[in-house]
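Read through the structure below, which is laid out as structure tokens, and then see the notes.
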Amino acid sequence: MLIEVLKSKIHRVTVTEANLNYIGSITIDEELMEAANIIANEKVCIVDNNNGERFETYAIKGERGSGVICLNGAAARKVEKGDIVIIMSYAMMDFEEAKKFKPSVIFPDTQTNKLVKL
């Protein structure tokens, strides 16, 4: 049996841009993507803590170290610059593997979207 489990999570980052005139996706600082184990074109779920919106799109790499979190295309209508969002991805895996699996979860600074050393 396969089940879907949390694979990656970027917990509470601030939207820096919302670009309606783009094909689609979410642009995420490459450093954050790597830390959370998210790859380019991976499907992600976005949760907006400010307005309760939940939606899916795909990730694209933003400039490393820039702190960029930009919703593009139609997704730009679901958020506003300054909103706090959570970005998650999921993976299908065998039930027994899922019991042992540990997701990659990061907690960037919400003011700068930079990685925080814990």
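Because only heavy atoms are used, hydrogens play no part in the values below, and waters and symmetry mates are left out as well, while side chains stay in. This chain uses plain numbering: 1 for the first residue, then up along the sequence.
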If I compare all heavy atoms of [X] with all of [Y], which pair ends up nearest, and what's the gap?
X: S25; Y: T57; value: CA-OG1, 3.0 Å
X: A35; Y: S104; value: O-CB, 4.2 Å
X: T16; Y: C70; value: OG1-N, 4.4 Å
X: I10; Y: P108; value: CG2-CG, 3.8 Å

Salt-bridge present (R64, E31; N to O < 4.0 Å)
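Between E31 and R64 there is no salt bridge, as every charged N stays at least 4.0 Å from the carboxylate O atoms.
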Rounded to the nearest 0.5 Å, what separation is found between the [atom1] atom of [X] and the [atom2] atom of [Y]?
X: F55; Y: I26; atom1: CZ; atom2: CD1; value: 6.5 Å
X: T27; Y: M33; atom1: OG1; atom2: CE; value: 9.5 Å
X: I69; Y: N113; atom1: CD1; atom2: CG; value: 5.0 Å
X: K61; Y: S66; atom1: NZ; atom2: OG; value: 13.0 Å
X: E34; Y: D29; atom1: CD; atom2: CG; value: 9.5 Å
X: D109; Y: Q111; atom1: CG; atom2: CD; value: 6.0 Å

Do any N or O atoms from the side chain of N19 and from the backbone of N72 form a donor-acceptor pair under 3.5 angstrom?
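Not confirmed, N19 side chain does not pair with N72 backbone.
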Do side-chain atoms of K7 reach the backbone of N37 as a donor and acceptor pair under 3.5 angstrom?
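Here the side-chain-to-backbone pair exists.
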Kindly indicate, with the supporting measurements, whether the criterion side-chain contact (heavy atoms from CB on, under 4.5 Å) is fulfilled by D48 and K78.
CA-CA 8 Å; D48 188 318; K78 303 271 189 188; over 6 Å; no
Which atom pairs, one a donor and one an acceptor, fall under 3.5 Å between side chains of residues 79-91 and the rest of the protein, sequence neighbours left out?
from: D83; atom 1: OD2; to: E80; atom 2: N; distance (Å): 3.0
from: S89; atom 1: OG; to: S8; atom 2: OG; distance (Å): 3.4
from: S89; atom 1: OG; to: E42; atom 2: OE2; distance (Å): 2.9

Run the side-chain contact (heavy atoms from CB on, under 4.5 Å) check on I28 and V68 step by step: do they pass?
CA-CA 6 Å; I28 305 169; V68 67; over 6 Å; no
Count I, L, V, M, F, W, Y as connected when their side-chain heavy atoms are under 4.5 Å apart, and connections chain through other members. Are [X] and [Y] then in the same cluster?
X: L6; Y: M92; result: no
X: I38; Y: I106; result: yes
X: M1; Y: M93; result: yes

How would you list, by chain and number, every residue that makes a side-chain contact (heavy atoms from CB on, under 4.5 Å) with E96, sequence neighbours excluded?
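If we apply the side-chain contact (heavy atoms from CB on, under 4.5 Å) test to E96, skipping adjacent residues, the hits are D94, K99.
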Considering only heavy atoms from C-beta outward, does the side chain of F95 approach that of L2 to under 4.5 Å?
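Side chain of F95 against side chain of L2, heavy atoms only: no contact under 4.5 Å found.
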The test is side-chain contact (heavy atoms from CB on, under 4.5 Å); show your working for V44 and Y58 and say whether it passes.
CA-CA 5 Å; V44 292; Y58 63 94; 5.8 Å; no
Would you list the pairs meeting ring-ring contact (aromatic ring centres under 6.0 Å, His included) in which at least one residue belongs to residues 8-31, sequence neighbours left out?
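Found H11-F107.
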Check step by step if side-chain contact (heavy atoms from CB on, under 4.5 Å) holds for E53 and V47.
CA-CA 6 Å; E53 288 282 358; V47 178; over 6 Å; no
